[in-house]
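Just below is one structure, and these are the notes that go with it.
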Amino acid sequence: MAEPYDPQQIEPRWQEFWARERFAAADTAGEKGLYMLMMFPYPSGDLHVGHGRNYILGDCLFRMFLMQGRKVLNPMGWDAFGLPAENAAIRRNIHPREWTIGNIGRMKDQFRRWGILYDWGKEITSCEPEYYRWNQWLFNRMLEKGLAYRGKSPVNWCPSCRTVLANEQVVSGECERCGTLVEQRDLEQWFLRITAYADRLLEGLDRLPDWPEKVKVMQRNWIGRSEGCDLRFRVEGVEEPLTVFTTRVDTIYGATFVALAPEHPLVERFRSTAPDADFGEFVDGLRNQTRLQRESEGGEKEGRFTGAWAVNPFSGERIPIWVANFVLMEYGSGAIMSVPAHDERDFAFATRYGLPIRVVIAGPGMGEGTVLSEAYSGPGRVVSSGPFNGLASQEAIPRMGAFAQEKGFGTGRVRYRLRDWLISRQRYWGTPIPVVYCKNDGIVPVPDDQLPVVLPTDIEFGKVEGNPLARSASFVATTCPKCQGAARRETDTMDTFVDSSWYYARFINPHVHDAMLDEGRVRRWMPVHLYIGGVEHAILHLMYARFVYKVLADFGLVPGDEPFSVLFNQGMIVGKSSVTGRLEKMSKSKGNVVAPDALIARYGADTERVYTLFMGPPEKEAEWTDEGVLGAHRFLQRVWALQDAVADAAGRAGEGSANERLRIATHRSVKRVHTDLERYHPNTAIAAMMELVNAIGETQQEAGEGALREAYETLLKLLHPFAPHVTEELWRLTGHEGSLLRAGWPTFDAALLARQRVTLAVQVNGKLRATVEVEPGLDPDAAAAAAREAAAKWLEGKEVVKVVHVPDRMVSLVVKG
RNA sequence: GCCGGAGUGGCGAAAUGGCAGACGCACGGGACUUAAAAUCCCGGGUCCGAAAGGGCGUGAGGGUUCGAAUCCCUCCUCCGGCACCA
């Protein structure tokens, strides 16, 4: 009898062995291999079982690749800048760096205890100057190309995080990180010109067939490309024309007013002349509202007449200019031509304020005089539009656009919802933006040879409002690189998404000191073949990374122009919350965190791994249950116990049919595990191995040593990526030396699988009536004969008019009478 | 509102045009045990039937097909994303 299965005793030993033997080390100087990567984590400290999913799946695939003898780069690092470290500094008076490094140590240890292998020789920590200096270097390059710029605009301010945020980091009016309502502030900030890459970001998605459709759709929506034209309206009494953006020039004869955003510069000119006494108050009220407030007020459309008139450039008609709460300064030109008949919002506004509604697009069943009860925004025939009458709206759009262009009051224009990427943050724990402000020379970049601009350490946290960096005298006071005069350093730091926008390329050459990237290596190893991470980064990280990669490609530093060939999004692990009683993402506040430590102490890391991979398809959300863990543990117990079955069969030839049955089961499992892993379905791969365990159990009395050994050893190999510790141990116990990682990945004998008898389903008129066991590869006539015999009782007195034969699967008989 | 995804036993799920429910959990019965735990064996979609066998069954309704969980149309519900974007 074997010793009892004791993961406590087994697991640490193998973890040490794998580290010592450096199985995960990949030489990127040599020839190209497969590059797989899991999104590097923020080192927040403790990991729970929900975090494990991503890493366990990655490790499972990695180990299979290693067993297949492939060369694989599988690195790990730390997205180490960010607010939690600074908040910890304020609360607990510990330096952010110290806090971060401590957490990294704990997380690395957790990875080790999960049995997860990484090439730690290539570890990256983004808060170290040797890493972030290249953020600064890249910033300088982008500054040279005009891709980085300083600009003033209304920006999102999170009062709790005390910093501005990029648009992508505001989720329905709230800070993505802390949930606080963001405010609008007019500030001068640093931006990266991601909008210059909008079309390429869009077009690149079409060349990513192995990305989830969902992510691509989200990015497309976020970029929000729309084609239309800018039209210039003359405003009575005003010199400069007013530009509006529209995608529906075809409706312009139906424009009965023009609407301006409250922030539109033209509004100021009408402040004193507008007819309503509360005009100024109204405008100021809107300007002080947050975006969310403005939208939340029941979607109620509100506005005021400015007292001014615009002239429709097509018809020459005078139409009033209004200020309206539903017009956004951030989009288009902050001014629209309003066509109530054909736009839902304009319709609501016109109805409320008694403005005319004029049909100019006749949809099905509509004519010139039709009175609408709601806006019609579909296509139709152009009416009441002078020379354009009778055109189909689809046709009128280009025709009328061209007309406007010809006459000089219109220009074809593509607009995007996407805004430039605001990267300045008024916080300490990030990459210093490498510029200085000089009285003589203005904004001066810090020259490359003076990089990195290192974060100072003489910092006091938490005492006063504002960026602690700005209070570091030694940091702020500097000299101008141009004139050597006194100058002031920029104290804003970069958004941490800058760090993660290119780290994947640095992993290939983390120790190059005189360049951001080693061109030769990067050229061989990029793009990342398989990128695994959570869907929460569908827009943020993944779009920034695609943008920066394209910039790097334009600088000639990287090959191609997409960084990640295959993207795999794992789903969340959720647990029943003791607070809300519902299934929620694991978090301390929800009281549903399962810590790996106790689990590993009781059942072992292999059990956690098998359960995590067995829960369901990894792209789906899955609920953690203690009973499920038990099932995974039982499975490993059975595998452990089966070593006796092999030992007991020593010297036994066994019974032929049992041997054959077991061998077929073995090879079928090899085939299934392999194909299931290839399509990222570890759950069904485990099911296949469970079936093999059952098959070994059923035949262990009759089968011979050869078949049992083959079955068991194959099982150990197949199971190794899932449960690495116990399989290594069993591999030794069954008399082998070395590691399963070097034992090769099993292949299956197709000829053997082709020999197994098959069960044909027999259908009569589409209903299953019988099954019949036959030799594989039966020809249609023989199959039909077997089917007729099996279903004889259903064919009595009937005529078979058609036979459908699906080889080795079924025969369908169609009968009449 | 728009876009995307999903809906299958008591539960997690499998099957992507060919025997629905593999595999596991929970449950029921049995063996072992003084007993329990652990382990092992057997049984579970549902209805009729003692059984053999049959009817029904993959959110609802319709369609295509010899054959549909799978393809098409209409609708319902849930989840996710975007949302006054001109």
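Residue numbering restarts at 1 for every chain, and letters A, B, ... go by the order of the sequence lines. None of these values were measured; they are calculated from a predicted model. Worth knowing before you read on, the calculation uses all heavy atoms, side chains too, and leaves out hydrogens, waters and symmetry mates.
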Whole-angstrom distance between [N] and [M], as gauged at atom [atom1]:
N: B:C27; M: B:U77; atom1: C1'; answer: 29 Å
N: B:U8; M: B:A20; atom1: C1'; answer: 8 Å
N: B:G45; M: B:A14; atom1: C1'; answer: 15 Å
N: B:A52; M: B:G63; atom1: C1'; answer: 37 Å
N: B:G43; M: B:A37; atom1: P; answer: 22 Å
N: B:G59; M: B:G21; atom1: P; answer: 16 Å
N: B:U46; M: B:U58; atom1: P; answer: 15 Å
N: B:A69; M: B:C78; atom1: P; answer: 26 Å

Calculate the interatomic distance between [X] atom [atom1] and [N] atom [atom2]; express it in whole Å.
X: A:L813; N: B:C66; atom1: CG; atom2: P; answer: 14 Å
X: A:M810; N: B:A20; atom1: CE; atom2: C1'; answer: 14 Å
X: A:R417; N: B:C2; atom1: CZ; atom2: C1'; answer: 13 Å
X: A:M543; N: B:G81; atom1: CE; atom2: P; answer: 16 Å
X: A:N694; N: B:C41; atom1: CG; atom2: C1'; answer: 13 Å
X: A:I573; N: B:G12; atom1: CD1; atom2: C1'; answer: 13 Å
X: A:E698; N: B:C41; atom1: CD; atom2: P; answer: 9 Å
X: A:E619; N: B:G80; atom1: CD; atom2: P; answer: 17 Å

Given [options], identify the nucleotide with an atom nearest to the side chain of [X].
X: A:E627; options: B:C23, B:A26, B:G53; answer: B:A26
X: A:W222; options: B:C82, B:A22, B:A86; answer: B:C82
X: A:V217; options: B:G18, B:A86, B:C3; answer: B:C3
X: A:M690; options: B:G24, B:A86, B:C66; answer: B:G24
X: A:R679; options: B:A15, B:G4, B:G18; answer: B:A15
X: A:L768; options: B:A20, B:G53, B:G24; answer: B:A20

Would you check if the distance from the ring center of [X] to the ring center of [Y] is below 6.0 Å?
X: A:F314; Y: A:F409; value: yes
X: A:F349; Y: A:F257; value: yes
X: A:F748; Y: A:H674; value: no

Give one of base, sugar-phosphate or nothing for [X], where a contact means two heavy atoms less than 4.0 Å apart.
X: A:W794; value: sugar-phosphate
X: A:G224; value: nothing
X: A:R419; value: nothing
X: A:R220; value: nothing
X: A:T771; value: base
X: A:M218; value: sugar-phosphate
X: A:F614; value: base
X: A:T246; value: sugar-phosphate

**Message:** I want to confirm an ordering. Mapping A:G631 and A:M615 to their closest nucleotides on RNA chain B, which one lands closer to the 5' end?
**Reply:**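 It is A:M615, whose closest nucleotide lies nearer the 5' terminus.
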**Item:** Residue met sooner reading RNA chain B from 5', once A:P617 and A:K767 are mapped to nucleotides
**Value:**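 Nearest nucleotide further toward 5': that of A:P617.
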Applying a 3.5 Å limit to both distances, which nucleotide forms a Watson-Crick or G-U wobble pair with [N]?
N: B:A31; value: B:U39
N: B:A6; value: B:U77
N: B:C11; value: B:G24
N: B:A51; value: none
N: B:G1; value: B:C82

Assess, by modelled atom type and distance only, whether the side chains of [X] and [Y] contain a donor and an acceptor separated by less than 3.5 Å.
X: A:Y253; Y: A:N312; result: no
X: A:T195; Y: A:D420; result: yes
X: A:R415; Y: A:S333; result: no
X: A:D676; Y: A:T684; result: yes

**Message:** Can you tell me whether the side chain of A:E344 and the base of B:G1 have a donor-acceptor pair closer than 3.5 Å?
**Reply:**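 Flag unset: no donor-acceptor pair detected.
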If the cut-off is 4.0 Å, is [X] near the phosphate of [N], judged by side-chain N/O to OP1 or OP2?
X: A:R634; N: B:A26; answer: yes
X: A:K620; N: B:A13; answer: yes
X: A:N683; N: B:A14; answer: yes
X: A:K214; N: B:G5; answer: no
X: A:S226; N: B:A86; answer: yes
X: A:R769; N: B:G67; answer: no
X: A:R672; N: B:C23; answer: no
X: A:R809; N: B:C19; answer: yes

**Asked** Is it true that a side-chain atom of A:H681 and a backbone atom of A:N683 form a donor plus acceptor pair closer than 3.5 Å?
**Response**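 Checked: no pair found.
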**Request:** Taking syn as within 90° of 0 and anti otherwise, name the glycosidic form of B:G9.
**Result:**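 Base orientation: syn.
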**Prompt:** What's the base orientation of B:G44: syn (chi within 90° of 0) or anti?
**Reply:**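 Nucleotide B:G44 adopts syn.
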**Residue pair A:Y5, A:Q643: steps toward the side-chain contact (heavy atoms from CB on, under 4.5 Å) verdict** = CA-CA 11 Å; A:Y5 172 39; A:Q643 60 180 297; over 6 Å; no
**Request:** Name the orientation class of the two ring planes belonging to A:F568 and A:Y680 (parallel below 30°, tilted from 30 to 60°, perpendicular beyond 60°).
**Result:**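 Rings of A:F568 and A:Y680: tilted, 30 to 60°.
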